[in-house]
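Below: one structure, written as structure tokens.
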Amino acid sequence: MSSSPMSPGLSSPKSVLPTPRYLREAELLMHRALEVAARTPAGDVPVGAVIVDPEGREVARATNRREADADPTAHAEVLAIREAVRQVGDGWRLEDCTLVVTLEPCAMCAGAAVGARVGRIIFGAYEPKTGACGSVYDIPLDPLTVHRPELIGGVLREECEALMQGFFRNLR
């Protein structure tokens with residue numbers, strides 16, 4: 001079952017209801033992705049990606065490295081997917097894995113996640129200019145795609161946005 005990237009309750013005021021288990025788990029994973037993002041090389045946009053297996057064990061992590069590696073495909077998600085495929089060792093499919101990333105994936109990264117058959121994508125900050133998980137495009141949930149992962153957006157959105165805002169503020 002897929003969640004809309006605009007899942008209710010992810011940014012709403014505190015409720016008297018308990019936080020759903022899936023959201024508590026997503027927030028724990030996003031905290032880890034934020035830790036990874038903090039290690040982004042200087043000059044690269046601070047994005048962290050983590051991939052966990054069905055038991056919640058981290059099998060890959062990466063930061064953006066476009067500037068550091070002079071590689072336009074060195075986005076955190078792509079690097080993490082490559083590493084997860086090596087670690088999982090079960091071909092190229094990551095059907096039971098979860099990709100957690102601090103920024104909404106772009107078209108390339110969303111396409112890579114769909115192509116790798118990632119089972120679930122969790123992201124933090126929305127990307128209104130290039131986001132391809134609901135903001136500008138919706139690649140994972142497009143009815144024409146062969147594989148449709150579960151999608152959860154806006155997890156720890158404020159913390160993820162603050163990371164991005166701090167980076168771009170320092171560029172000015």
Side-chain angles (χ1 to χ4, degrees), residues 1-7 10-11 26 29-30 32-34 36-41 43-52 59-88 91-168 171:
M1 176 149 100
S2 295
S3 297
S4 164
M6 304 293 183
S7 295
L10 294 181
S11 301
L29 293 170
M30 189 59 69
R32 177 64 181 133
L34 283 163
V36 170
R39 297 189 202 123
T40 302
D44 273 296
V45 177
V47 175
V50 175
I51 296 181
V52 297
V59 295
R61 67 182 167 278
T63 65
N64 269 355
R65 297 191 52 86
R66 279 191 321 180
E67 301 299 328
D69 295 351
D71 178 354
T73 68
H75 288 207
E77 301 95 320
V78 171
L79 297 174
I81 288 168
R82 289 176 185 160
E83 181 61 24
V85 167
R86 284 192 288 274
Q87 294 301 318
V88 172
W92 54 268
R93 289 174 180 84
L94 300 173
E95 291 168 330
D96 296 325
C97 292
T98 298
L99 167 65
V100 183
V101 61
T102 56
L103 182 65
E104 180 181 0
C106 67
M108 176 182 68
C109 295
V114 168
R117 307 295 195 267
V118 168
R120 180 167 61 160
I121 300 170
I122 299 171
F123 69 87
Y126 289 90
E127 175 38 270
K129 294 181 182 178
T130 62
C133 290
S135 289
V136 178
Y137 308 104
D138 199 351
I139 291 171
L141 299 181
D142 188 293
L144 298 178
T145 60
V146 175
H147 172 75
R148 282 182 214 92
E150 178 183 359
L151 186 61
I152 304 170
V155 176
L156 297 183
R157 188 188 86 226
E158 292 83 9
E159 290 91 329
C160 295
E161 285 175 352
L163 182 67
M164 299 301 294
Q165 290 166 350
F167 173 77
F168 286 107
L171 285 181

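All heavy atoms count here, side chains included; hydrogens, waters and symmetry mates do not. From a predicted model like this one, the values you see are computed outputs, not experimental measurements. Sequence positions, counted from 1, serve as the residue numbers for this chain.
Annotation: side chain of Val136 is not in contact with side chain of Lys129 (no heavy-atom distance under 4.5 Å). Looking at heavy atoms from C-beta onward, Val146 lies in side-chain contact with Arg117 at the 4.5 angstrom threshold. The side-chain heavy atoms of Val47 and His75, taken from C-beta on, include no pair separated by under 4.5 Å. Between Leu29 and Val50 there is no side-chain heavy-atom pair separated by less than 4.5 Å. Two residues are said to be in side-chain contact when any heavy atoms from C-beta on lie closer than 4.5 Å; Arg32 and Arg61 meet this criterion.
Note: Thr40 OG1 to Glu67 CD = 12.0 Å, rounded to the nearest 0.5 Å. Considering CG of Asp44 and OG1 of Thr63, their distance stands at 6.5 Å, rounded to 0.5 Å. Tyr126 contributes atom OH, which lies 7.5 Å from atom CD of Glu104 (distance to the nearest 0.5 angstrom). One finds the CZ atom of Arg148 at 10.5 Å from the CG atom of Asp138 (value rounded to the nearest 0.5 Å). From Leu163, atom CG reaches atom CG of Leu103 across 9.5 Å, with rounding to the nearest 0.5 Å. For the atom pair CD (Glu83) and CD1 (Ile51), the distance works out to 9.0 Å, reported to the nearest 0.5 Å.
Under the side-chain contact (heavy atoms from CB on, under 4.5 Å) criterion, Asp96 pairs with Pro54, not counting sequence neighbours. With sequence neighbours excluded, the residues satisfying side-chain hydrogen bond (donor to acceptor under 3.5 Å, both in side chains) with Glu161 are Arg157.
The two residues Ala62 and Ala80 have their closest heavy-atom pair at CB-N, 3.6 Å. Among all heavy-atom pairs drawn from Arg65 and Pro41, the shortest one is NH1-CG, 3.3 Å. The minimum heavy-atom distance between Met164 and Pro46, with the atom names listed, is SD-O, 3.7 Å. Summarising the geometry of Pro140 relative to Cys133, their closest heavy-atom pair is CG-SG, 3.6 Å, with the distance given to 0.1 Å. Here the shortest heavy-atom pairing between Pro149 and Val114 reads CD-CG2, 4.2 Å. When all heavy atoms are compared, the tightest approach of Val118 to Cys97 is CG1-O, 3.7 Å.
Between the side chain of Asn64 and the backbone N or O of Val45 there is at least one donor-acceptor pair closer than 3.5 Å. The backbone N or O of Arg120 lies less than 3.5 Å from no partner atom in the side chain of Thr98, so there is not a single donor-acceptor pair.
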